[in-house]
K.L.:
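Below is one structure. I have some questions about it.
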Amino acid sequence: MTPCALISVTLVTGHSEALPGESYTYYTVDTPGLRADLGRGTIEGTDAERETWAGATERYLTTVQAAEAALLKARQRWRGFLPGGRRRQYRAYQQYRRSMTVAATAYLPARDEINRRLSHHRTEQLHAQRAKAQHAPSGSDSGASGATL
């Protein structure tokens, strides 16, 4: 089995240039710095998993950017007042939606696994904090009666 490594993940929200008000999210996946610890934004995984997730992110972003560029080009080329312009813009919009759905579906396994690991780590942290709090002495019961001899 490949040894575990720390993987830095950051959730990023991109904003659509083609459709103002719409956004999409993805994780950047990288090797953390030398002083990184397992925690917020850092998960455990193998080097192969890091490469797989980074590749999935790259493919997702490439598809999103291509879909946006195609829709913007269609809007610029086929203005609504040209014959057939609205129909062509609508078709370009439909193609954009299909491309975004395909990209999101292909990226879903990577996104879900990263989310699962982040959630798992948060759960482990909460359990550790609760266990520590249960075993910590309470300040009022120190065992000393306070009486002097």
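None of the values given here were measured: they were computed from a predicted structure.
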K.L.:
Side-chain heavy atoms nearer than 4.5 Å, only ILVMFWY residues, links allowed to pass through others: does that put Trp53 and Val12 together?
P.N.:
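Yes.
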K.L.:
For Arg98, which residues count as a salt bridge (charged side-chain N to carboxylate O under 4.0 Å, His left out) partner, sequence neighbours excluded?
P.N.:
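Arg98 satisfies salt bridge (charged side-chain N to carboxylate O under 4.0 Å, His left out) with no other residue.
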K.L.:
Kindly work out whether a path of hydrophobic side-chain contacts (I/L/V/M/F/W/Y, heavy atoms less than 4.5 Å apart) joins Val64 to Val102.
P.N.:
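Shared cluster, no.
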K.L.:
CG of Leu11 to OG1 of Thr25: how many Å apart, nearest 0.5 Å?
P.N.:
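These two atoms lie 5.5 Å from each other.
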K.L.:
Would you compute the distance between atom CG of Leu71 and atom OG of Ser16 and round it to the nearest 0.5 angstrom?
P.N.:
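The OG atom of Ser16 is 7.5 Å from CG of Leu71, to the nearest 0.5 Å.
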K.L.:
Any chance CD of Glu17 has more than 12 other-residue heavy atoms, nucleotides or ligands included, within less than 6.0 Å?
P.N.:
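Check fails, neighbour count at 12 or below.
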K.L.:
Which atom names give the shortest non-hydrogen contact between Tyr26 and Gly14, and what distance separates them?
P.N.:
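Of all heavy-atom pairs spanning Tyr26 and Gly14, the closest is CE2-N, 4.5 Å.
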K.L.:
How would you list all residue pairs meeting salt bridge (Lys or Arg N to Asp or Glu O under 4.0 Å) that involve residues 106-115, not counting sequence neighbours?
P.N.:
Glu113-Arg116, Glu113-Arg117
K.L.:
For Glu68 and Ala18, work out which heavy atoms get closest and say how close.
P.N.:
OE1-N, 3.7 Å
K.L.:
Which pair of heavy atoms, one from Ser23 and one from His15, lies closest together, and at what distance?
P.N.:
CB-ND1, 3.9 Å
K.L.:
Partners of Asn115 by side chain to side chain donor-acceptor pair (under 3.5 Å), sequence neighbours excluded?
P.N.:
Tyr27
K.L.:
Can you tell me which residue pairs pass the ring-ring contact (aromatic ring centres under 6.0 Å, His included) test with a partner in residues 84-108, sequence neighbours excluded?
P.N.:
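Pairs touching residues 84-108 that pass the test: Tyr60-Tyr107.
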K.L.:
Taking all non-hydrogen atoms of both residues into account, name the closest pair between Gln89 and Arg75 and its distance.
P.N.:
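Answer, listing the atom of Gln89 first, then Arg75: NE2-O, 3.7 Å.
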K.L.:
Ser99: what forms a side chain to side chain donor-acceptor pair (under 3.5 Å) with it, not counting sequence neighbours?
P.N.:
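Checked Ser99 against side chain to side chain donor-acceptor pair (under 3.5 Å); matches are Gln95.
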K.L.:
Specify the closest pair of heavy atoms between Met100 and Ala67, including all atoms of both residues, with the distance to one decimal.
P.N.:
SD-CB, 4.4 Å
K.L.:
Taking the side chain from Glu49 and the backbone from Thr46, do they hold a donor-acceptor pair closer than 3.5 Å?
P.N.:
yes
K.L.:
Quick one: pull up CG in Leu72 and CZ in Arg77 and give me the separation to the nearest 0.5 Å.
P.N.:
15.0 Å
K.L.:
Only one of Thr28, Asp30, Leu118 passes side-chain contact (heavy atoms from CB on, under 4.5 Å) with Val9; say which it is.
P.N.:
Leu118
K.L.:
Going by side-chain contact (heavy atoms from CB on, under 4.5 Å), name the residues that satisfy it together with Arg50, two or more places apart in sequence or in a different chain.
P.N.:
Ile7, Val29, Thr31, Asp47
